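What you are looking at is a predicted structure, and each value in this text was computed from that prediction instead of being measured.
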Amino acid sequence: MRKGPLAIAGAAAVAEWGTLFGTVRERLAAKKFAAVPLATAATALILLFSIVQHLPGGERFVTHIGVVKAALPLEVSLLRTPLSLYVPALDLPVWGALAQVFVVFALAEIVLGRRLTLVIAYTCTLAGTLFARVGVAIGPHHMFGFPKWVAYVRDTGPSAAVVALAICIAFRCRAWFTAGLVVTLMVGEAVMLPNLAGLEHVVAVLFALLIAVSREVFGDFWPRVLAGVGAAASVAATEVADGARRRAPAGAAIP
């Protein structure tokens, strides 16, 4: 019997998102909202910054702690980048950012884990921030260069992190059509509307693909290596402190 269009579409949806749906349903059924504390906190931060920056004097405060611009010294940009992810654009409705962040961060937290979600979000946000600086430095006569005035544009928001996490989630759940669609949309955006945000999204896509492919090839190899290095450093620090205490004269204070 020939299947109808709805049956074909349903089978395609199950093949594409069945693994994701099953994983999310199982986790939420067991822990409810306790399963996504990172997504909840990230959404709350965006809402908080949105409210504060519209209060008298609030925009100045938010600018000083979380707004990144290519014109700023590099060390200042690096210090502000973690919070810049949660500072929404002034000229866009905050509800879109809230919905995107909660849904995508929650899916990533369940599928990828909390630590990897943070690594991907911050890595791809930072990559976009550094790309903006390089683009301004090389100037508009290069393909990926920007005019000088771009150095004074606010470079904040969660969009790069959301794009990167969506791609990594799709890779983990083998949702290849979804991953390809996100990549195509971001590249198309950059081609049709060539601006700072669009090109930063492409940079986020490239870094997300690199992370996703490396996870496919190496699995948990690098996380295990980093965990082992951290454990070894902790043990070494404890042994050094114990040795210092043993060598110290009786009654001497050990800082």
Side-chain angles (χ1 to χ4, degrees), residues 10 12-52 66 81-89 92-128 156-186 189 197 200-201 203-205 207-216 219-220 223:
V14 170
E16 183 75 6
W17 300 308
T19 301
L20 174 62
F21 179 76
T23 303
V24 172
R25 182 179 61 180
E26 180 181 348
R27 184 69 64 85
L28 290 180
K31 296 186 175 181
K32 303 295 190 296
F33 278 102
V36 289
L38 176 60
T40 305
T43 306
L45 275 175
I46 291 174
L47 180 60
L48 176 63
F49 277 124
S50 176
I51 294 172
V52 170
T81 294
L83 282 180
S84 73
L85 194 155
Y86 307 107
V87 178
L92 295 176
V94 69
W95 305 112
L98 292 174
Q100 288 180 12
V101 167
F102 183 76
V103 171
V104 176
F105 271 64
L107 293 176
E109 192 171 359
I110 292 172
V111 173
L112 303 174
R114 200 165 300 139
R115 182 176 62 177
L116 185 57
T117 297
L118 284 174
V119 169
I120 294 169
Y122 283 125
T123 298
C124 295
T125 299
L126 179 60
T156 63
S159 57
V162 167
V163 168
L165 288 172
I167 290 173
C168 291
I169 293 168
F171 261 74
R172 176 61 65 88
C173 296
R174 302 297 190 266
W176 305 121
F177 176 79
T178 302
L181 180 62
V182 173
V183 173
T184 301
L185 288 174
M186 293 303 101
E189 176 196 21
E200 284 189 350
H201 291 166
V203 172
V205 164
F207 273 79
L209 290 173
L210 179 62
I211 294 171
V213 170
S214 67
R215 290 281 296 181
E216 292 294 323
D220 291 330

Exercise. Please say whether more than 12 non-hydrogen atoms of neighbouring residues, nucleotides or ligands are located less than 6.0 Å from CH2 in W176.
Key: yes

Practice problem: Rounded to the nearest 0.5 Å, what's the gap from CG on L165 to CD on Q100? Could you check? | Solution: 11.5 Å

Self-check item: 4.5 Å side-chain heavy-atom contact, V36 and F105
Solution: no

Quiz item: Got a second to check how far L181's CG is from M186's CE, nearest 0.5 Å?
Solution: 8.5 Å

Quiz item: What is the minimum heavy-atom distance between C124 and A208, and which atoms define it?
Solution: SG-N, 3.9 Å

Practice problem: Working to the nearest 0.5 Å, report the span between OG1 of T156 and CG of L85. | Solution: 9.5 Å

Quiz item: Does the side chain of L116 reach to within under 4.5 Å of the side chain of R172, using non-hydrogen atoms?
Solution: yes

Exercise. Please check if the side chain of S214 supplies one atom and the backbone of L210 the other of a donor-acceptor pair under 3.5 Å.
Key: yes

Practice problem: Return the minimal non-hydrogen interatomic distance between S84 and T125, and the atom names on each side. | Solution: OG-CG2, 4.4 Å

Quiz item: From Y86 OH over to T43 OG1, what is the distance, rounded to the nearest 0.5 angstrom?
Solution: 9.5 Å

Quiz item: From I51 CD1 over to I46 CD1, what is the distance, rounded to the nearest 0.5 angstrom?
Solution: 12.0 Å

Exercise. Mind checking ring pair (Phe, Tyr, Trp, His ring centres under 6.0 Å) for W17 and listing every partner two or more places apart, or none if nothing turns up?
Key: none

Quiz item: Who pairs with R25 by salt bridge (charged side-chain N to carboxylate O under 4.0 Å, His left out), at least two apart in sequence or on another chain?
Solution: none

Quiz item: Less than 4.5 Å apart, any side-chain heavy atom of F49 and any of L83?
Solution: yes

Self-check item: Minimum heavy-atom distance V111-C173, with the two atoms named
Solution: CG1-SG, 3.8 Å

Quiz prompt | Shortest non-hydrogen separation from G66 to V87 and the atoms involved | solution = O-CG2, 3.7 Å

Self-check item: Backbone N/O of L126 and side chain of T81: donor-acceptor pair under 3.5 Å
Solution: no

Quiz prompt | E109: partners by salt bridge (charged side-chain N to carboxylate O under 4.0 Å, His left out), with sequence neighbours left out | solution = R114

Exercise. Enter the distance from I110:CD1 to T23:OG1 here, rounded to the nearest 0.5 Å.
Key: 8.5 Å

Quiz item: How close do C168 and I120 get, heavy atom to heavy atom, and via which atoms?
Solution: SG-CD1, 3.5 Å

Quiz item: What heavy-atom pair brings A166 and V104 nearest, and what distance separates the two atoms?
Solution: N-CG1, 4.1 Å

Exercise. Indicate yes or no: at least one non-hydrogen side-chain atom of L209 is less than 4.5 angstrom from one of F171.
Key: yes

Quiz item: Quick one: does S159's side chain get under 4.5 Å of H201's, heavy atoms only?
Solution: yes

Self-check item: Side-chain heavy-atom pair T178, I169 within 4.5 angstrom cut-off
Solution: no

